[in-house]
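One structure below.
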Amino acid sequence: MKAKLVLLAGLATLVSPLATQAYIVNDSSSFDVAYGYTDTSGGWNALETSSTNTPVTATNGVPFTVGNFSITVTATGSFFATVGVQFPGRVLTNYDGANFPNESKTAYNNEFTVSVTYNGPAGPFGTTPGSEQVNLAISSISIYGLKIPSLGTFSVNWDETTSGHTGSGPSVALVESGASNIAANYTNIAWTTATDLSALGSTGTTVTRYFEIPPGSGGTSGQQSYASYDGFVIQGIANFSYDIPEPASLGLLALGAAAILGRKRS
């Protein structure tokens with residue numbers, strides 16, 4: 001009877017709710033990327049902003065490495081204005097046709113994607129199976145916009161369209177002007193509220209998030225954010241995490257295992 005009691009105690013220890021989990025961050029890396037919209041060079045690119053980017057090697061649609069992470073920031077859009085503004089060193093300036101002769105268009109129909117893949121070591125021995133996870137937090141996303149005349153008054157905002165993790169940023173009214181080459185006519189549309197831009201985790205090693213200036217923002221139903229945009233900036237941080245049992249719980253598991261082993265030997 002005593003041996004049976006020892007066995008039952010060991011089993012109870014193994015399934016005890018005291019075996020709580022500890023959340024461990026294994027690695028983290030931040031990025032801060034800006035793109036302008038230019039005439040040649042594939043639309044959105046780092047032609048004017050590369051020296052201010054972290055890392056400076058960030059290229060639209062091309063993976064770059066930060067620590068143990070491969071990060072890809074992709075911006076797509078169509079051109080609107082034949083004369084746009086410039087974005088040297090992340091400062092929106094008037095287009096003068098001299099410093100950046102390729103900077104002669106601004107964009108609309110814009111969509112932005114951030115994808116992160118963790119390439120580092122897996123969780124150590126003892127990691128809870130299935131608990132390894134990549135997390136991607138966006139601390140800020142912004143762009144400058146100009147209201148096109150004759151489309152009516154409207155405000156615009158950022159939307160996240162990631163499946164299962166959607167959200168919307170604050171609405172911002174744009175200035176109406178036909179002078180798309182004057183920086184003062186553009187308004188910054190920023191989303192920086194941490195609770196809205198909460199981290200998204202994905203089991204495994206890869207996570208992707210999707211953002212846009214939503215359809216219909218141009219004032220008429222169905223128009224795809226039909227306005228003039230330039231000066232895109234996104235900042236965030238990625239980390240890899242896993243769960244391991246608390247030290248006290250590991251001790252209880254060991255005692256339970258020892259009790260069962262002792263029962264088998266008796």
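Values reported hereafter were calculated over all heavy atoms of this structure, with side chains retained and with hydrogens, waters and symmetry mates removed. For this chain, numbers begin at 1 and follow the sequence in order.
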Take I234 and V114 through the test side chain to side chain contact (heavy atoms under 4.5 Å, CB included) and record every step on the way to the result. CA-CA 9 Å; I234 189 165; V114 184; 3.4 Å; yes

Closest contact, heavy atoms only, [X] versus [Y]:
| X | Y | value |
| --- | --- | --- |
| T128 | P245 | OG1-CD, 4.2 Å |
| V85 | S180 | CG1-O, 3.5 Å |
| A173 | S155 | CA-OG, 3.5 Å |
| S168 | D159 | OG-OD1, 2.6 Å |
| A238 | V116 | CB-CG1, 3.7 Å |
| V66 | P55 | CG2-CD, 3.7 Å |

Between atom [atom1] of [X] and atom [atom2] of [Y], what is the distance when rounded to the nearest 0.5 Å?
| X | Y | atom1 | atom2 | value |
| --- | --- | --- | --- | --- |
| S29 | Y118 | OG | OH | 9.5 Å |
| L146 | L92 | CG | CG | 10.0 Å |
| E48 | T38 | CD | OG1 | 6.5 Å |
| S131 | D243 | OG | CG | 4.5 Å |
| Q133 | N239 | CD | CG | 8.5 Å |
| T127 | Y242 | OG1 | OH | 6.0 Å |

[X] versus [Y]: any side-chain heavy-atom pair under 4.5 Å?
| X | Y | answer |
| --- | --- | --- |
| P170 | W191 | yes |
| F31 | L136 | yes |
| E212 | T161 | yes |
| I138 | R209 | yes |
| V156 | Y229 | yes |

Suppose we screen for side-chain contact (heavy atoms from CB on, under 4.5 Å). Which residues come up paired with V172, at least two apart in sequence or across chains?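 Once residues adjacent in sequence are excluded, the partners of V172 under the side-chain contact (heavy atoms from CB on, under 4.5 Å) criterion are T187, I189.
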
A179: partners by side-chain contact (heavy atoms from CB on, under 4.5 Å), with sequence neighbours left out: S177, N181, I182, N185

Which pairs, with at least one residue in residues 84-93 and sequence neighbours excluded, count as a salt bridge (Lys or Arg N to Asp or Glu O under 4.0 Å)? D32-R90

With sequence neighbours left out, write down each residue that passes side-chain hydrogen bond (donor to acceptor under 3.5 Å, both in side chains) with [X], or none if nothing qualifies.
| X | value |
| --- | --- |
| S50 | none |
| T162 | E160 |
| E132 | none |
| T57 | none |

If you look only at pairs with a residue in residues 125-148, which of them pass as a ring pair (Phe, Tyr, Trp, His ring centres under 6.0 Å), with sequence neighbours excluded? none

Taking [X] for the side chain and [Y] for the main chain, is one N or O donor matched with an acceptor at less than 3.5 Å?
| X | Y | answer |
| --- | --- | --- |
| Y210 | E111 | no |
| T49 | A34 | yes |
| S139 | Q235 | yes |
| N119 | F69 | no |

Judged by modelled atom types alone, do [X] and [Y] share a side-chain donor-acceptor pair under 3.5 Å?
| X | Y | value |
| --- | --- | --- |
| S241 | N135 | yes |
| N45 | N60 | no |
| T208 | S115 | yes |

T113 and F211: side chain to side chain contact (heavy atoms under 4.5 Å, CB included), yes or no, with the steps? CA-CA 6 Å; T113 303; F211 299 90; over 6 Å; no

Before you tell me yes or no, could you show the steps for T206 and T117 under side chain to side chain donor-acceptor pair (under 3.5 Å), namely the whole-Å CA-CA distance, both residues' side-chain angles and the distance that decides it to 0.1 Å? CA-CA 4 Å; T206 299; T117 299; 3.2 Å; yes

Could you walk me through whether V33 and V233 pass side chain to side chain contact (heavy atoms under 4.5 Å, CB included), step by step? CA-CA 6 Å; V33 174; V233 180; over 6 Å; no

Can you sort out the partners of F112 under ring-ring contact (aromatic ring centres under 6.0 Å, His included), two or more places apart, ordered by chain and number?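 F112: ring-ring contact (aromatic ring centres under 6.0 Å, His included) contacts with W44, W158, F232.
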
